[in-house]
Amino acid sequence: RQMCIRDRANMSSIQAMALTHAEPHETLTPEVLNSNTIIDVTPKYQVCRTTILMEDRTGELTPISAVVDSGASNSVVTRNTLRKLELLDQLEGTDVRFIHADGGRRPAEGYMKDLAVSTGDMTILLDPFVSNATNYGILLGSDFLSPIKAAIRYDINCLEYNNDANGRSRIPITFSRGKSPVGMMLE
């Protein structure tokens, strides 16, 4: 969506930055603030991605594309990932519904009990919900991040966490920006 701001003379630069979703280091000049130009107020989302290892049916670790979402309370794995890991037959039922970014409500496809997720030097068992999403393999929420005391390190593009040897480790992460998030909320 776009919006035309007509009365910028009465708007503070903080308000203008919030409306334009400008980066904090960007300068909004008086000419921009007082103009009648169209400012794009479409929200911009930053997505944090990494590769994680997940156990397949035989116990082998398989690399899976992951989205790290510190705002999500629960992790969500996709049906495609479970198919790749040959674990679809272990899917359990649930009444949980997702509220997607577009506002739509859809039922979860189920959940997985004790799904092993690893970084190579740390393994955790999760009970993620299952979705039909196609833009990630697993969305790692707070149920993954909190027990391992994970920290997203923007300054060095890594996820730092407690490993199984009682030390700290890191895995690389990348950031991308887009006009829509990948996340969803539970209802």
Side-chain angles (χ1 to χ4, degrees), residues 45-102 105-178 180-187:
Y45 297 94
Q46 184 158 296
V47 178
C48 175
R49 295 184 182 274
T50 191
T51 299
I52 205 83
L53 301 170
M54 296 177 67
E55 280 188 16
D56 67 13
R57 175 179 293 288
T58 66
E60 292 292 315
L61 293 174
T62 303
I64 301 293
S65 170
V67 168
V68 179
D69 187 349
S70 61
S73 59
N74 297 83
S75 295
V76 179
V77 66
T78 66
R79 285 183 68 87
N80 286 341
T81 298
L82 295 178
R83 187 174 295 112
K84 180 178 181 178
L85 299 173
E86 298 180 359
L87 298 174
L88 266 178
D89 63 328
Q90 296 176 27
L91 189 63
E92 297 188 29
T94 183
D95 292 331
V96 167
R97 295 177 63 79
F98 294 125
I99 301 173
H100 288 256
D102 64 7
R105 289 171 163 73
R106 294 176 199 91
E109 297 294 315
Y111 78 98
M112 287 293 299
K113 186 91 174 123
D114 295 331
L115 185 64
V117 177
S118 177
T119 58
D121 62 356
M122 179 282 308
T123 301
I124 187 171
L125 296 178
L126 297 176
D127 296 335
F129 291 102
V130 179
S131 81
N132 283 320
T134 57
N135 53 347
Y136 59 86
I138 186 168
L139 183 143
L140 299 171
S142 294
D143 58 338
F144 171 81
L145 300 168
S146 183
I148 62 172
K149 297 184 178 21
I152 298 172
R153 296 285 310 272
Y154 294 93
D155 57 334
I156 55 176
N157 292 340
C158 75
L159 181 73
E160 197 172 76
Y161 59 90
N162 288 349
N163 60 37
D164 289 342
N166 296 320
R168 293 290 282 171
S169 294
R170 297 175 179 161
I171 56 173
I173 56 177
T174 59
F175 298 97
S176 58
R177 292 187 71 126
S180 65
V182 296
M184 57 197 83
M185 299 182 328
L186 298 178
E187 185 174 50

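Keep in mind it's a predicted model, so treat the numbers as computed, not measured.
- In terms of the salt bridge (charged side-chain N to carboxylate O under 4.0 Å, His left out) criterion, E86 has no residue partners (sequence neighbours excluded).
- Listed by chain and residue number, D127 satisfy the salt bridge (charged side-chain N to carboxylate O under 4.0 Å, His left out) test with K113 (two or more places apart in sequence, or in another chain).
- The ring pair (Phe, Tyr, Trp, His ring centres under 6.0 Å) pairs that include a residue from residues 137-158 are Y154-F175, where partners are two or more places apart or lie in different chains.
- Side chains of N162 and R168: a donor-acceptor N/O pair is present below 3.5 angstrom, by distance only.
- Formation of a donor-acceptor pair under 3.5 Å by the S142 side chain with backbone atoms of A72 is found in this model.
- With sequence neighbours left out, E109 forms a salt bridge (charged side-chain N to carboxylate O under 4.0 Å, His left out) with R79.
- Take D114 and apply the salt bridge (charged side-chain N to carboxylate O under 4.0 Å, His left out) test, not counting sequence neighbours, and it matches no residue.
- With D143 contributing its side chain and S146 its backbone, the two residues share no donor-acceptor pair below 3.5 Å.
- With hydrogens and angles disregarded, a donor-acceptor distance shorter than 3.5 Å links the side chain of T50 to the backbone of P172.
- Taking T62 as the reference, nothing meets the side chain to side chain donor-acceptor pair (under 3.5 Å) condition, with sequence neighbours excluded.
- At least one donor-acceptor pair closer than 3.5 Å links the side chain of S75 to the backbone N or O of G141.
- For the atom pair CD of E55 and CG of L85, the computed distance is 9.5 Å after rounding to the nearest 0.5 Å.
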